[in-house]
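Each ligand, and each atom within it, is numbered from 1 in the order the structure gives.
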Amino acid sequence: MELKDRISILKGDITKVAADAIVNAANSSLMGGGGVDGAIHRAGGKRILEECMEIVNIRGKCKTGEAVITSAGDLPVRYVIHTVGPVWTGGKSGENEQLSNCYINSLDLAVKHGIESIAFPNISTGVYHFPRAEAAEIAFRTVRDFLEKNETITNVYFVCFDEENYALYNEIYNRAFAYSE
Ligand code: ADP
């Protein structure tokens with residue numbers, strides 16, 4: 001399968017996406033919150049939070065850039081991968097690399113669990129205020145580089161909740177694959 005067919009840009013609510021796994025833009029406590037985190041816990045039910053609490057009890061909080069995996073409760077997916085995006089503080093505190101690590105660590109976990117299709121929200125671009133254009137470039141480049149080296153993941157969906165992100169991702173996608181058939 002060609003790279004361009006393994007990446008899709010979707011618009012809407014990630015809790016409605018059917019894939020093997022969806023990724024949650026969590027915070028380090030893994031205790032739920034607002035935005036996409038709140039939507040995932042609301043739609044998935046309490047099982048997800050119980051597993052998150054177990055993980056924190058065993059290994060402590062989830063650091064920025066890291067990822068952990070739980071089951072998905074009532075969601076139409078098998079797993080939820082929770083990753084903690086960086087809070088934007090101007091770009092000089094390693095935010096770019098941390099954001100990239102969110103995608104890499106989520107994909108690594110996906111591979112370990114035999115996940116073939118995975119949906120990402122636009123991590124850190126809500127209350128964490130990462131500039132959207134830069135976040136989209138980092139997300140796309142990181143996923144693309146990963147897929148070039150990995151055969152097992154067949155589909156990555158970038159699920160954009162707002163128009164601006166949707167337009168940005170489409171532009172990047174079209175630019176990346178402009179000269180392929
Ligand atoms: P962060 O703390 O990482 O910034 P947010 O949840 O505030 O996390 O925002 C991350 C992105 O998720 C934002 O672009 C926001 O618009 C988007 N978002 C919010 N709700 C949903 C949802 N139900 N499905 C997909 N994306 C969502």
List of N/O pairs, ligand 1 versus protein, all under 3.5 Å?
unit_1	atom_1	unit_2	atom_2	d
ligand 1	3 (O)	Ser124	N	2.8
ligand 1	4 (O)	Gly126	N	2.8
ligand 1	4 (O)	Val127	N	3.3
ligand 1	4 (O)	Tyr128	N	3.1
ligand 1	6 (O)	Val36	N	2.8
ligand 1	7 (O)	Val127	N	3.0
ligand 1	9 (O)	Gly126	N	3.3
ligand 1	14 (O)	Thr125	OG1	2.7
ligand 1	23 (N)	Asp13	OD1	2.9
ligand 1	24 (N)	Ile14	N	2.9

Hits for side-chain contact (heavy atoms from CB on, under 4.5 Å) against Pro76, two or more places apart or cross-chain, chain-then-number order -> none
Chi angles and distances behind the side chain to side chain donor-acceptor pair (under 3.5 Å) call for Thr89, Glu95: CA-CA 8 Å; Thr89 57; Glu95 293 97 320; 2.9 Å; yes
So that I know where these two stand, are Tyr169 and Phe140 an aromatic pair - ring centroids less than 6.0 Å apart? no
Any donor-acceptor pair under 3.5 Å linking the side-chain atoms of Glu66 with those of Thr83? no
With Phe146 via ring pair (Phe, Tyr, Trp, His ring centres under 6.0 Å) - residues at least two apart: none
Only counting residues at least two apart or in another chain, list the ones meeting ring pair (Phe, Tyr, Trp, His ring centres under 6.0 Å) with Tyr173. Phe177
